[in-house]
Undergrad: 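One structure, pasted below without further comment.
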Amino acid sequence: MEAVVSVADGKHICTPPPIRYIREIEQAAAGIEALLPDGCALNRRWLALRLLENDPSFLQSLHANAPIAFPQDGLAAAREKLGAAGIGNDALRDRLVSGLVLHAEEIACDVVQEQPDAARARDRKIDRILTSRCTGIPIMLLLLAGVFFLTITGANYPSDMLSKLLFSLDAPFTTALQAIHAPVWLQSLLVEGIWRVLAWAISTVCIARYSFPAANCRRIWLAPFPLIKMGK
């Protein structure tokens, strides 16, 4: 906080290193700096870059608060050179902001020390494996094959077991009905009608319960397929 106060009071003058941009922008800014009049109170490099941006609100504020003789011909020539290089007003602003962000990132990398995190390192390693072209696509295909197997064939095994178990109860139910002297039509209705239909429905629902989640799983795993890094 003491350093912040000293800078705010003007006791400490900061001399930040200039942010470097691509060659075309640096040449245009240097040309504008050379054309600015002597005795300019503003930072000449900063002013040259702002003039290249051609922001009407900034130009209006500058005219009102710090009247400076602008090198109009030099500004027009510099903008034409940038336009010929494919750097219009929007592209220029994007590159200037990108330069600020990259410079801030460099400073952060120099002064910030990150403590090693085993969990994060493990997650990044898994991400590299799953999103790499060499390993991600084979893993995706294996998962897809497993889902298809579960959908088409795998669900039949538990369904068959459940069907055999339920239909094996026909004889005990029939014996119980005969023991209480139930009429034949009632035995047929309850065992051969209601119970067998119910057993068949339950065993069929078992297939649906295995198949539908597998189909959803297939859609979920195929969704990030285009995100695989094709460059690795």
Undergrad: Hey, is Arg124 close enough to Asp127 for a salt bridge, meaning N to O under 4.0 Å?
TA: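 Not counted as a salt bridge, because no side-chain N and carboxylate O are separated by less than 4.0 Å.
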Undergrad: Identify whether the distance between the nearest side-chain nitrogen and carboxylate oxygen of Glu53 and Arg79 falls below 4.0 Å.
TA: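 Looking at Glu53 and Arg79, the cut-off is not met.
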Undergrad: I want to check something: taking the side chain as every heavy atom from C-beta on, are Leu130 and Thr135 in contact at a cut-off of under 4.5 Å?
TA: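 Answer no - side chains too far apart.
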Undergrad: Taking all non-hydrogen atoms of both residues, which atom of Ala182 and which atom of Leu186 are closest, and how far apart?
TA: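 Scanning both residues, the minimum pair turns out to be CB-CD2, 4.2 Å.
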Undergrad: Heavy atoms only: give me the nearest Ala91-Gly86 pair and the separation to one decimal.
TA: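 Scanning both residues, the minimum pair turns out to be CB-O, 4.3 Å.
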Undergrad: Say you draw a straight line from CG of Leu198 to CG of Leu190; how long is it, rounded to the nearest 0.5 Å?
TA: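 Leu198 atom CG to Leu190 atom CG measures 12.0 Å (nearest 0.5 Å).
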Undergrad: Grouping I, L, V, M, F, W and Y whenever their side-chain heavy atoms are under 4.5 Å apart, do Phe149 and Met140 come out in a common cluster?
TA: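 Phe149 and Met140: separate clusters.
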Undergrad: How long is the span from the CG atom in Leu52 to the CG atom in Leu47, to the nearest 0.5 Å?
TA: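 That separation rounds to 9.5 Å.
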Undergrad: Out of curiosity, does Trp46 fall in the hydrophobic cluster containing Leu100 (side-chain heavy atoms, cut-off under 4.5 Å, transitive links)?
TA: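 Cluster IDs for Leu100 and Trp46 match.
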Undergrad: Given side chains that start at C-beta, do those of Leu49 and Ile25 come closer than 4.5 Å, heavy atoms only?
TA: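 Touching, per the 4.5 Å side-chain cut-off.
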Undergrad: Report the C-alpha distance between Arg122 and Ile126 in whole Å, list the side-chain angles of each, state the deciding distance to 0.1 Å, and finish with yes or no for side-chain contact (heavy atoms from CB on, under 4.5 Å).
TA: CA-CA 6 Å; Arg122 183 178 62 253; Ile126 294 174; 4.1 Å; yes
Undergrad: At what distance, to the nearest 0.5 angstrom, does CG of Leu169 lie from OG1 of Thr174?
TA: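 The OG1 atom of Thr174 is 10.5 Å from CG of Leu169, to the nearest 0.5 Å.
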Undergrad: Taking only Lys NZ, Arg NE, NH1 and NH2, and the carboxylate oxygens of Asp or Glu, determine whether Glu26 and Arg20 approach each other closer than 4.0 Å.
TA: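 Yes, charged N to carboxylate O under 4.0 Å.
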Undergrad: Counting distance only, does the side-chain N/O of Ser98 pair as donor-acceptor with the main-chain N or O of Asp94 below 3.5 Å?
TA: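 Here the side-chain-to-backbone pair exists.
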Undergrad: Please tell me if the side chains of Tyr21 and Leu96 come closer than 4.5 Å, counting only heavy atoms from C-beta onward.
TA: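 In contact.
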Undergrad: Using a 3.5 Å distance criterion without hydrogens, assess whether the side chain of Ser132 forms a donor-acceptor pair with backbone atoms of Ile129.
TA: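 Pair absent, no side-chain N/O of Ser132 close to backbone of Ile129.
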Undergrad: Taking all non-hydrogen atoms of both residues, which atom of Ala48 and which atom of Ala29 are closest, and how far apart?
TA: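 The pair with the smallest heavy-atom distance is CB-O, 3.6 Å.
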Undergrad: Tell me, which pairs form a salt bridge (Lys or Arg N to Asp or Glu O under 4.0 Å) where one or both residues lie in residues 147-171, sequence neighbours left out?
TA: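 Listed once each, the pairs are Asp170-Arg196.
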Undergrad: When you group the ILVMFWY residues by side-chain heavy-atom contacts below 4.5 Å and let the links chain together, are Phe173 and Leu165 in the same group?
TA: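 Looking at the clustering, Phe173 is in a separate group from Leu165.
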Undergrad: Counting only N and O atoms by type, is there a donor-acceptor contact under 3.5 Å from the side chain of Trp195 to the main-chain atoms of Leu189?
TA: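 Checked: no pair found.
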Undergrad: Of all the heavy-atom pairs spanning Ile19 and Gly99, show the shortest one and how long it is.
TA: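 Shortest heavy-atom separation between Ile19 and Gly99 comes out as CG2-O, 3.7 Å.
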Undergrad: Leu102: which residues meet the side chain to side chain contact (heavy atoms under 4.5 Å, CB included) condition with it, sequence neighbours left out?
TA: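 Partners of Leu102 under the side chain to side chain contact (heavy atoms under 4.5 Å, CB included) test: Glu105.
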Undergrad: Applying side-chain contact (heavy atoms from CB on, under 4.5 Å), run through Lys81 and Glu24 and close with a yes or a no.
TA: CA-CA 8 Å; Lys81 290 182 179 179; Glu24 291 80 5; over 6 Å; no
Undergrad: To the nearest 0.5 Å, tell me how far Asp123 CG sits from Arg128 CZ.
TA: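 Rounded to the nearest 0.5 Å, the CG-CZ separation comes out at 11.0 Å.
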Undergrad: Can you establish whether the number of heavy atoms outside Trp200 located under 6.0 Å from its atom CH2 is more than 12?
TA: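 For Trp200, atom CH2 is not crowded (no more than 12 foreign heavy atoms under 6.0 Å).
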Undergrad: Quick one: salt bridge (Lys or Arg N to Asp or Glu O under 4.0 Å) pairs with a partner in residues 181-194, sequence neighbours left out?
TA: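 Residue pairs passing salt bridge (Lys or Arg N to Asp or Glu O under 4.0 Å), neighbours aside: none found.
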Undergrad: Ignoring hydrogens, what is the shortest heavy-atom contact between Ile180 and Leu177? Give both atom names and the distance.
TA: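 Ile180 and Leu177 have their closest heavy atoms at CG1-O, 3.1 Å.
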